[in-house]
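Data first, discussion second: the structure below is written as structure tokens.
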Amino acid sequence: MKTVKDYFGCLVFDDRVMKATLSADVYASLRKTIDEEKKLAPGVADAVAAAMRDWAVEHGATHFTHWFQPLTGVTAEKHDSFISPSPDGGVIMEFSGKELIKGEPDASSFPSGGLRATFEARGYTAWDPTSYAFLTGKTLCIPTAFCSYGGHALDKKTPLLRSMEALNRQALRILRLFGNDTAKAVRSSVGPEQEYFLVDKALYDQRYDLRFTGRTLFGAKPPKGQQMDDHYFGVIKPRVAAYMEELNEELWKLGILAKTEHNEVAPAQHELAPIYTTTNAATDQNQLTMEIMQKVALRHGLVCLLHEKPFAGVNGSGKHNNWSIATDAGQNLLSPGETPYENAQFLLFLCAVLKAVDDYQDLLRISVATAGNDHRLGANEAPPAVVSVFLGDELNAILDAIENDTPYEGVEKTQMKLGVHVLPRFNRDTTDRNRTSPFAFTGNKFEFRMLGSSNSIACANIMLNSAVAESLKIYADRLEQAEDFETALHEMIQKTIRDHKRIIFNGNGYDDAWIKEATEQRGLLNYRTTADCMPHLLDKKNADMLISHGVFSEPELRSRCEIMLENYCKTILIEAATMVTMARGQILPAVERFTADVASRAMVKKSLDAALPCAYESGIVQKLSALTDAIAFGVNALEEALRKAEGADDYFTQSAMIRDDVLAAMETLRASCDEAETLTAKEYWPFPNYADLLFSVQ
Ligand code: ADP
Ligand code: MG
């Protein structure tokens, strides 16, 4: 029998394949590019292309594609075949270094937010050698960055790579100050935990809302929801287990280290987590994972819902971005070390993160903002829209001691002066079970929990890497000039704690009192919606920071802001239009039919005995008649709000109108429809209800 070891990574042109198929020189040169971000040496691309082609053709591939992540949120590819005519009338399989390095897809159908003039429809894709090429079906997929002809990034990978470079630059400066002369690179790594729902495809097909928007726009609460918590870590149902088994196999073949799988809190909700890897690769792999999750589901008669809030009243789906930074030698810079010296360095990196999160709360909120995720953040299940950091008791005590120059009551009683010789050892605290914190320290990494399940993790990590790079830059600028390193270090850490301790919160993030305290006393930001936060991407402090580290250009920032608002508007406008269609075309006729049938039954009864009260019938008819009017009125009001919003001049205005008027009209309409559902006989209801959807997969 084939074991996982035999097929793991069999569809990836990974290090093992490179080593086996490239000459020693070419291999060494390519590794230099991958590990140290050195420019590709001449001739290497041709040699790699030839090896890739032979390997791919041997595995049955006929085509290749530059695989990239435009700002639509899904991945894109344009397939070309390897086939080239040969003089003898046959064909040969061709793939040059030029084709590997650069592609020119028609960029006109991807969002550019004004970056691409219409006459300049072409964009180009550029090979990212730091992420392995892989096979899907008969196609060799080459991870690429996607730019406009003018060189502006039109994708998520380009700024992510730039942010990793920025972090690398600044972190190395700090390491040198601590006497580390050997580290060649510092990289961030991520392990994203991915939540999702599975529903039966036959039921899904009967609902326009699920098909058009990925979430239910109507639906009364089922008699049983998640009250019992009996689903969490419960026994996995056979159909789901079969799905997970095949999913794991597919991911393993692609070299994705899918590791854990379990049920989540809500019925029909599950989670998949891979073992962490370099942020760039983790981002590509998470994107691929989401695609494969959906593909494999279809083979099992299921649909995998990645929407952040498929069902009202039931927990939504998020994605936990476990983030750490490490040297090429494998030293995790967020791990308290064995020696006081390492601990001083650890504390500086920890402070860099605290400062980054406090200074750029808005960028972190923006990085997870979508119409779908707005339903989660601030609801009683996901982190609030207010960003704060959880550190745990031990670190808190240490920071307290440093802040106030008081003894630390930890392992040994020691004055917390950050001199190399007196800083105590402390144990790594892995006890975090505070699931309500948006940004929690979990022993040797931070877990950023605000991401939505469908988000690309690129955006969050771009902001996180950049903001931390900025803190480190400020530290390095100061420390490199310091006369006495240890004193300067101590002062800097102390100052960071004093200036930024407002971002630390170890209590219950779901508590309303916290939101009040956070916003009123601590002055933390609370941007509830995408429309609220997105325009702040262009605030001077944010733009200055991102531009100074070379992560975005000014035009790129403007275009991104516009595209994100456009996505928000389009998403909700489609939802609103779908509601109108369903309410008018399906719900109203169904309720009318049921009401008429009940009324006519009452008439029949009365014709038999005029004295019968028919209380049930008249009650239902009265209530449903009133609701029918409310629904009809609600549909018209929604249509009116929709029409007005569609007439807005720009996406800033439109997103505000949608937030204020369209969403409110949707909520009102939904309330009447959901109430009508509870009064209408199930056989009349025009589509599967919540109980059907949530408890159908066994
Ligand atoms: P949880 O208790 O939240 O499920 P786990 O320890 O299972 O936490 O880890 C969750 C994710 O964090 C996994 O994807 C794991 O690979 C990742 N992870 C673990 N250590 C690190 C690290 N040092 N840097 C980044 N991610 C990490
Ligand atoms: Mg977790």
Side-chain angles (χ1 to χ4, degrees), residues 8 160 163-164 167-168 171 183 185-196 232-233 236 244 247-248 251-252 254-265 269-290 293 315 317-338 342 345-346 349-350 352-353 356-357 381-383 389-392 395 427-451 453 455-458 460-462 464-465 468 509:
F8 184 84
L160 179 65
S163 75
M164 290 175 71
L167 183 65
N168 177 42
V186 171
R187 288 218 183 77
S188 61
S189 290
V190 169
E193 300 165 66
Q194 174 77 49
E195 291 180 336
Y196 61 98
Y232 194 44
F233 283 120
I236 297 178
M244 286 178 169
L247 175 61
N248 277 340
L251 295 174
W252 289 337
L254 284 163
I256 298 172
L257 287 155
K259 175 97 171 147
T260 56
E261 50 188 34
H262 59 78
N263 293 342
E264 265 299 329
V265 179
Q269 193 184 31
H270 313 280
E271 181 188 290
L272 178 142
I275 294 176
Y276 68 100
T277 181
T278 312
T279 307
N280 175 33
T283 303
D284 285 354
Q285 292 191 348
N286 180 248
Q287 215 60 39
L288 203 51
T289 300
M290 291 195 284
M293 286 167 80
N315 272 7
S317 297
K319 180 141 59 192
H320 292 175
N321 188 82
N322 294 274
W323 178 92
S324 66
I325 36 183
T327 66
D328 56 323
Q331 187 194 4
N332 180 352
L333 301 174
L334 293 178
S335 189
E338 291 297 318
E342 288 172 338
Q345 182 183 299
F346 160 75
F349 278 98
L350 184 78
V353 177
V357 176
E381 50 166 286
V389 179
F390 171 91
L391 284 184
L395 275 183
N427 300 322
R428 127 176 192 196
D429 182 359
T430 48
T431 55
D432 164 46
R433 282 291 156 246
N434 183 334
R435 305 207 137 261
T436 67
S437 174
F439 203 97
F441 186 68
T442 52
N444 62 354
K445 61 184 191 288
F446 278 98
E447 185 166 336
F448 183 30
R449 298 184 175 135
M450 287 170 82
L451 288 78
S453 45
N455 284 161
S456 158
I457 61 170
N461 289 297
I462 292 169
L464 200 48
N465 291 339
V468 173

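Numbers here are sequence positions counted from 1. Both ligands and their constituent atoms are indexed starting at 1 by order of listing.
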Requested in this report: Mark up the atoms of ligand 1 that fall under 4.0 Å of a heavy atom belonging to Glu447, in ascending order.
Outcome: 3 (O)

Report summary line: In ligand 1, the atoms that come under 4.0 Å of a heavy atom of Ile275 are 16 (O)

Query raised in the report: Which residues satisfy the side-chain contact (heavy atoms from CB on, under 4.5 Å) test with Ala185, sequence neighbours excluded?
Result: Asn168, Arg187, Asp328

Report summary line: Check: of Lys259, Gln194, Glu271, Lys445, min heavy-atom distance to atom 9 (O) of ligand 1 comes from Lys445

**Report entry** Interfacing atoms of ligand 1 (cut-off 4.0 Å, heavy-atom, Asn332)
**Finding:** 23 (N)

Query raised in the report: Backbone N or O of Ile457 within a donor-acceptor pair of the Lys319 side chain at under 3.5 Å?
Result: no

Query - Set of residues satisfying side chain to side chain donor-acceptor pair (under 3.5 Å) with respect to Gln285, sequence neighbours excluded - result: none

Query raised in the report: Less than 3.5 Å between some nitrogen or oxygen of Tyr276 and one of ligand 1, yes or no?
Result: yes

Query raised in the report: Do any nitrogen or oxygen atoms of Ser324 come within less than 3.5 Å of a nitrogen or oxygen of ligand 1?
Result: yes

Query - For Pro274, atoms of ligand 1 separated by under 4.0 Å from a heavy atom - result: 13 (C), 14 (O), 16 (O)

Report task. Scan side-chain atoms only and decide if Thr279 and Asn461 contain a donor-acceptor pair under the 3.5 Å cut-off. Result -> no

Query raised in the report: Pick one: which of Ile325, Leu333, Asn280, Thr278 meets side chain to side chain contact (heavy atoms under 4.5 Å, CB included) with Ser188?
Result: Ile325

Query raised in the report: Okay, side chain of Glu193, backbone of Ala273: is any donor-acceptor separation there less than 3.5 Å?
Result: no

**Report entry** His320 contact mode with ligand 1 (heavy-atom cut-off under 4.0 Å)
**Finding:** neither

